[in-house]
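What follows is a set of notes on a single structure, which appears directly below.
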Amino acid sequence: MKRRIVLTGAFIGMLAIILGAFGAHLLKRYLSVDELNTFEVGVRYQMYHAFFLFFLSTRKDIAEKTLKTIYNLVVAGVLLFSGSIYLLATKSMTLFDFKIIVFATPLGGFLLIIAWAVLFFTILKRKS
């Protein structure tokens, strides 16, 4: 499980850098300042959660089942939160109306919050 967490963190981090560069260099020509700022929020939160996964992989005091739960919450949260932000920020470049996926952003954010809460309460329950 720890190997999967590290690999996923590395992939999510790498993808965040690629998307950040894509936004800064290529999308700058096509998107407004507000749209670029929105896109950057997706990149930032994706990178935060890549680091979160790296941190998670270092914990030896968390049960495998709990690691798996947090991992799944983070992966789903990043896909929904950052993914929907990328699509919504670039909607002016496509014909498809991405407003129908607007529910995905808060749901993804909620899953990320739950992942942090599971970690918090798992560590809180442990005796020093």
### Query
Judged by modelled atom types alone, do Thr66 and Thr122 share a side-chain donor-acceptor pair under 3.5 Å?
no

### Task
Return yes if a side-chain donor-acceptor contact under 3.5 Å exists between Tyr86 and Gln46, otherwise no.
yes

### Task
Starting from the C-alpha separation in whole Å, work towards a yes-or-no answer on side chain to side chain donor-acceptor pair (under 3.5 Å) for Thr90 and Glu35.
CA-CA 7 Å; Thr90 59; Glu35 290 169 327; over 6 Å; no

### Query
What distance do Leu31 atom CG and Glu40 atom CD have between them, rounded to the nearest 0.5 Å?
12.5 Å

Minimum heavy-atom distance between [X] and [Y], given as atom pair plus value:
X: Thr38; Y: Ala89; value: CG2-CB, 3.9 Å
X: Ala63; Y: Arg126; value: N-NH2, 4.1 Å
X: Val74; Y: Ala115; value: CG2-CB, 3.6 Å
X: Ala76; Y: Leu111; value: CB-CD1, 3.8 Å

### Query
Within the side chain of Ser84, is there an N or O that forms a donor-acceptor pair under 3.5 Å with the backbone of Phe81?
yes

### Task
Quick one: sort the Phe52 and His49 rings into parallel, tilted or perpendicular, breaks at 30° and 60°.
perpendicular

### Query
Taking it one step at a time, do Leu112 and Tyr48 satisfy side-chain contact (heavy atoms from CB on, under 4.5 Å)?
CA-CA 11 Å; Leu112 294 172; Tyr48 292 158; over 6 Å; no

### Query
Thr58 and Lys2: side-chain contact (heavy atoms from CB on, under 4.5 Å), yes or no, with the steps?
CA-CA 8 Å; Thr58 67; Lys2 298 222 181 199; over 6 Å; no

